[in-house]
Amino acid sequence: MLYAGCPEKVNGEKMKLIERTIENPEDDTVILEYFEFTKEFSDIKNFILDNNQMFAVYKDEKTLVKIRISDILYFEAVGELVFAYTESGVYEVKMRLYQIEEALEKNKIFRASKSFLINLHRISSVTPALNGRLIATMDNGEKVMVSRQYAKIITRQFMMGLV
């Protein structure tokens, strides 16, 4: 068991962090203990709950599989088809981008351009580009161009630490 004092203060008191290693991965558990349920605890709770949510995609034309939303880097529309990109592969999605955007909005999946949705949690850096656009570098090193219409929103989210 590891116990570490954390420098963050909540309600004027230092928050404590306790970590334990377990034997069985099926026993993974997070326990939130708080005196008062603050926005910080709400954010932690939502992150943990969202991290285990699944999304159905097609591995090939007939095989439907589930992948973690947190593993998705971005979605791309190519003609009439939509694809979900992860570090381990590309999957077809039988939905339109706007439907995915509506369904996954609370998971920090946001529009980057007419043909891209990006997972804000999977952006490693942002760089300004020409004409007010933005280049978002994803965790796997891939770069996604963000149109100027959405660049300010994504930059603000990134700067506020919400990504």
Interatomic distance, [X] atom [atom1] to [Y] atom [atom2] [nearest 0.5 angstrom]:
X	Y	atom1	atom2	value
Lys16	Glu33	NZ	CD	10.5 Å
Lys66	Lys59	NZ	NZ	15.5 Å
Leu134	Arg148	CG	CZ	13.5 Å
Tyr74	Asn140	OH	CG	7.0 Å
Leu130	Ile135	CG	CD1	8.5 Å
Arg133	Tyr150	CZ	OH	14.5 Å

Take Tyr91 and Thr86 through the side-chain contact (heavy atoms from CB on, under 4.5 Å) test and state the conclusion after the steps. CA-CA 8 Å; Tyr91 304 90; Thr86 68; 3.6 Å; yes
Has Thr137 got a side-chain atom pairing as donor or acceptor with Ser124's backbone, closer than 3.5 angstrom?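 No.
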I'd like to know if the side chain of Tyr85 pairs up with that of Glu142 as donor and acceptor (distance under 3.5 Å, no hydrogens or angles considered).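 Side-chain D/A pair, Tyr85 to Glu142: absent.
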Under a 3.5 Å cutoff, is there a donor and acceptor pairing between the side chains of Thr38 and Glu40?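 Looking only at side-chain atoms, Glu40 and Thr38 do form a donor-acceptor pair, the distance falling under 3.5 Å.
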When you group the ILVMFWY residues by side-chain heavy-atom contacts below 4.5 Å and let the links chain together, are [Y] and [X] in the same group?
X	Y	value
Ile22	Ile18	no
Val126	Val146	yes
Val82	Val65	yes
Tyr58	Val78	no

Kindly give the heavy-atom pair with the smallest separation between [X] and [Y], and that separation in Å.
X	Y	answer
Met138	Leu73	CE-O, 3.1 Å
Asn119	Ser70	ND2-O, 4.0 Å
Ala151	Gly132	CB-O, 3.5 Å
Arg122	Asp139	NE-OD2, 2.7 Å
Ser113	Ser147	CA-OG, 4.0 Å

Evaluation steps, side-chain contact (heavy atoms from CB on, under 4.5 Å), between Ile69 and Leu104: CA-CA 9 Å; Ile69 294 170; Leu104 300 181; 3.5 Å; yes
Does any part of the side chain of Ile118, heavy atoms only, come nearer than 4.5 Å to the side chain of Ile154, both counted from C-beta?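 The answer is yes, as the side chains (C-beta and beyond) meet within the 4.5 Å cut-off.
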Is Thr29 close to Ile31 at the side-chain level, that is, under 4.5 Å between some pair of heavy atoms?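 Yes - at least one pair of side-chain heavy atoms lies under 4.5 Å apart.
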All N/O donor-acceptor pairs, side-chain side in residues 92-100, below 3.5 Å, sequence neighbours left out:
unit_1, atom_1, unit_2, atom_2, d
Glu92, OE2, Lys94, NZ, 3.2
Arg96, NH1, Glu80, OE1, 3.2
Arg96, NH2, Glu80, OE1, 3.2
Gln99, OE1, Arg96, N, 2.8

With a 6.0 Å cut-off on the ring centroids, do Phe75 and Phe55 count as close?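 Yes.
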Counterpart residues, salt bridge (Lys or Arg N to Asp or Glu O under 4.0 Å), relative to Arg111 (two or more places apart):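 Only Glu101 meet the salt bridge (Lys or Arg N to Asp or Glu O under 4.0 Å) criterion with Arg111.
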